[in-house]
Amino acid sequence: MSDKSSRLALTFSAIGHFFFHYMAAMYFTIVVSMVKNWDQPYHEMIALWTPAFLLIGLAALPAGRMADRWSSTGMLVLMFFGMGTTCIFSGFAQNGTQLLIFLAGIGLFAAIYHPVGISWLVRMSSKNTGKKLAINGIFGGLGASAAGLISGMLLEYFNWRIAFFVPGTVCLVIGMVMFWYRQSGQLSSADSNNTESTESTSTSGGMLSAFLIMLLPMFVIGLIYNTTQALMPKLFEERLVSILSGNMAKIGGMVSIVYAVGAVMQLFGGWLADRFSLKLVYIWCWILQIPLLLLIASRADVTLFILVVVLVSLNTAALPPENILLSRFAPKKHQGLAFGLKFVLAFGAGPLGVELIALVRAKTGSFEGVIYGLGIAAAVTALIVMFLPNRTPAVD
């Protein structure tokens, strides 16, 4: 495999990861402006994203299966074209039904990325696989960060339709470029001869009981991440009034800072996982989130912002030890299935989070109930994680 092919795989996988998280996060900033233009309550508008969240999780396994039977690069080209087109269509929506359908389309095509893009990057990597995965992970975090910043600026200086048109058009252009590279034979879905990245951390049999324990934290970590991502722009608008004064560009910028810091924290989480007990690092990431959530529910202004930054940082820092633990506990022959299930659980929690926000907001007019609920979920998860084995299985 040529170095050029490997570099191209990293490039398009990283860009795909960026756009996945951008598309998955942008609506939460855009909707803050749309409620003013459409004169509809926030809890009804935010609920329009629920079908998209569902499809991001539910469509992941069939997307991975299609890539296995057809082509990883072909599926990623389809992802770029599909997300770009449906994002542009969202900007043309005239009513809630149309917007719901187009947003669901974004979710459907976005579901392709994780089961296809990351596994393709690993197969196309002949060396430094871990470094490439870290770079790829940072691009995902930057996508979530950029969604708030760019959407906020487009909303402040243009309007909500432009906030859909611009990323949709760029995504389409990237799809065209990747299609050209694929058709010219410079991109392939071929496996690398190097198997270190797929075999070095797995065991032949795995540990079924430990794997089953991991199901709850994988779900709850997704629930906390997706729920806080969904409510953050509105929370900042309401509680950072003295700092932001309702300016959408500033709101988006603050959200962007949160996820930029969170993206970098994945490297720190990986550094801790390489040097200390995986279980210990993972437990502390959970324990520390509990008081942060309880404090966030009642704080405002600069204190709130700092607490949210630390919360998201801990949430993302937990991902490297979680992925390594999952790889160690899952049977080698079912590694793909295990990580596919992890993605379904993590993003399948998203619709629940959005529905909780809409329900609590409609009944109480605030977010406190949702945030306290997340704190309780984190506490229960921390207790469950303590039952994981103290030592992971020996490496083959």
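Computed from a predicted structure; not experimentally measured.
Nearest heavy-atom pair across L155 and I30 is CD1-CA, 3.7 Å. The minimum heavy-atom distance between Q40 and E44, with the atom names listed, is OE1-OE1, 4.2 Å. In terms of heavy-atom proximity, E368 sits nearest to A297 at CG-O, 3.1 Å. Residues Y259 and M232 share a closest heavy-atom pair of OH-CE, 3.4 Å. A163 and M26 get closest at one heavy-atom pair: O-SD, 4.5 Å. When all heavy atoms are compared, the tightest approach of A317 to C285 is C-SG, 4.2 Å.
No more than 12 heavy atoms of other residues, nucleotides or ligands shown are found within 6.0 angstrom of CZ on F89. More than 12 non-hydrogen atoms from other residues, nucleotides or ligands lie less than 6.0 angstrom from CG of N37. Within a 6.0 Å sphere centred on CZ of F139, other residues, nucleotides and ligands contribute 12 heavy atoms or fewer. Within a 6.0 Å sphere centred on CH2 of W284, heavy atoms belonging to other residues, nucleotides or ligands number 12 at most.
Residues satisfying the side-chain hydrogen bond (donor to acceptor under 3.5 Å, both in side chains) test with S256, not counting sequence neighbours, are S145. For the side-chain hydrogen bond (donor to acceptor under 3.5 Å, both in side chains) test, no residue two or more places apart in sequence or in another chain qualifies with R161. Annotation: side-chain hydrogen bond (donor to acceptor under 3.5 Å, both in side chains) contacts of T303 (sequence neighbours excluded): none.
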message: Evaluate I138 against V264 for side-chain contact (heavy atoms from CB on, under 4.5 Å), listing each step before the verdict.
response: CA-CA 6 Å; I138 289 175; V264 175; 5.8 Å; no

- prompt: Checking side-chain contact (heavy atoms from CB on, under 4.5 Å) for the pair L154/F165: CA distance, chi angles, key distance, verdict?
  reply: CA-CA 10 Å; L154 293 174; F165 291 155; over 6 Å; no

- prompt: For Y282 and S277, what are the C-alpha separation, side-chain angles and deciding distance, and is it a side-chain hydrogen bond (donor to acceptor under 3.5 Å, both in side chains)?
  reply: CA-CA 9 Å; Y282 195 47; S277 161; over 6 Å; no

field: Candidate pair W286 and I224, rule side-chain contact (heavy atoms from CB on, under 4.5 Å), full reasoning
entry: CA-CA 11 Å; W286 278 107; I224 294 174; 3.8 Å; yes

query: Does the pair M34 and L99 meet the rule for a side-chain contact (heavy atoms from CB on, under 4.5 Å), with working shown?
result: CA-CA 11 Å; M34 290 186 72; L99 183 61; 3.5 Å; yes

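One distance of note links CZ of R299 with CD1 of I306; it measures 12.0 Å at 0.5 Å rounding. The NE2 atom of H43 sits 13.0 Å away from atom CD1 of I357, with the distance rounded to the nearest 0.5 Å. With rounding to the nearest 0.5 angstrom, the CD1 atom of I283 is 11.0 Å from the CG atom of L278. Atom-to-atom distance recorded for Q229:CD and T29:OG1 is 9.0 Å, nearest 0.5 angstrom. Atoms CD1 and CD1, on I376 and I371 in that order, are 12.5 Å from each other to the nearest 0.5 Å. How far CG of L48 is from CZ of F53: 13.5 Å, rounded to the nearest 0.5 Å.
V302 is connected to L295 through a chain of hydrophobic side-chain contacts under 4.5 Å among Ile, Leu, Val, Met, Phe, Trp and Tyr, so both are in one cluster. Both F81 and Y181 are assigned to one and the same hydrophobic cluster, defined by single-linkage of ILVMFWY side chains at heavy-atom distances under 4.5 Å. Following chains of ILVMFWY side-chain contacts shorter than 4.5 Å, one can reach L76 starting from W70, so the two form part of one hydrophobic cluster. Under the 4.5 Å side-chain heavy-atom criterion for ILVMFWY residues, no single connected hydrophobic cluster contains both I290 and L292. Residues L374 and L216 are members of one and the same hydrophobic cluster, defined by side-chain heavy-atom contacts under 4.5 angstrom among Ile, Leu, Val, Met, Phe, Trp and Tyr.
For the pair I106 and S90, the minimum side-chain heavy-atom distance is below 4.5 Å. Residues F164 and Y27 meet the side-chain proximity criterion, which asks for heavy atoms closer than 4.5 Å. Counting heavy atoms from C-beta on, the side chains of V31 and W49 never come closer than 4.5 Å. Between F219 and T381, the closest side-chain pair of non-hydrogen atoms is not below 4.5 Å. At least one side-chain heavy atom of F20 sits under 4.5 Å from a side-chain heavy atom of I56. Taking 4.5 Å as the limit, some side-chain heavy atom of M386 sits within range of a side-chain heavy atom of I287. Side-chain atoms of I88 and T85, non-hydrogen and from C-beta on, never get closer than 4.5 Å to each other. Here the side chains of Y113 and M83 are not in contact, with every heavy-atom distance at 4.5 Å or above.
A side-chain donor-acceptor contact under 3.5 Å links N136 to the backbone of A14. Using a distance-only test at 3.5 Å, with no hydrogens or angles considered, a donor-acceptor pair links the side chain of Q94 to the main chain of F92. Although no hydrogens or angles enter the test, the distance criterion places no donor-acceptor pair under 3.5 Å between the side chain of S151 and the main chain of G148.
Ring centroid separation for the pair F80 and F109 does not come in under the 6.0 Å cut-off.
Taking the centre and axis of the six-membered ring of Y42, the NZ or CZ atom of K234 falls inside the cone set by 45° and 6.0 Å.
When each of I101, L108, L100 is paired with P51, the side-chain contact (heavy atoms from CB on, under 4.5 Å) condition holds for L100 and for no other.
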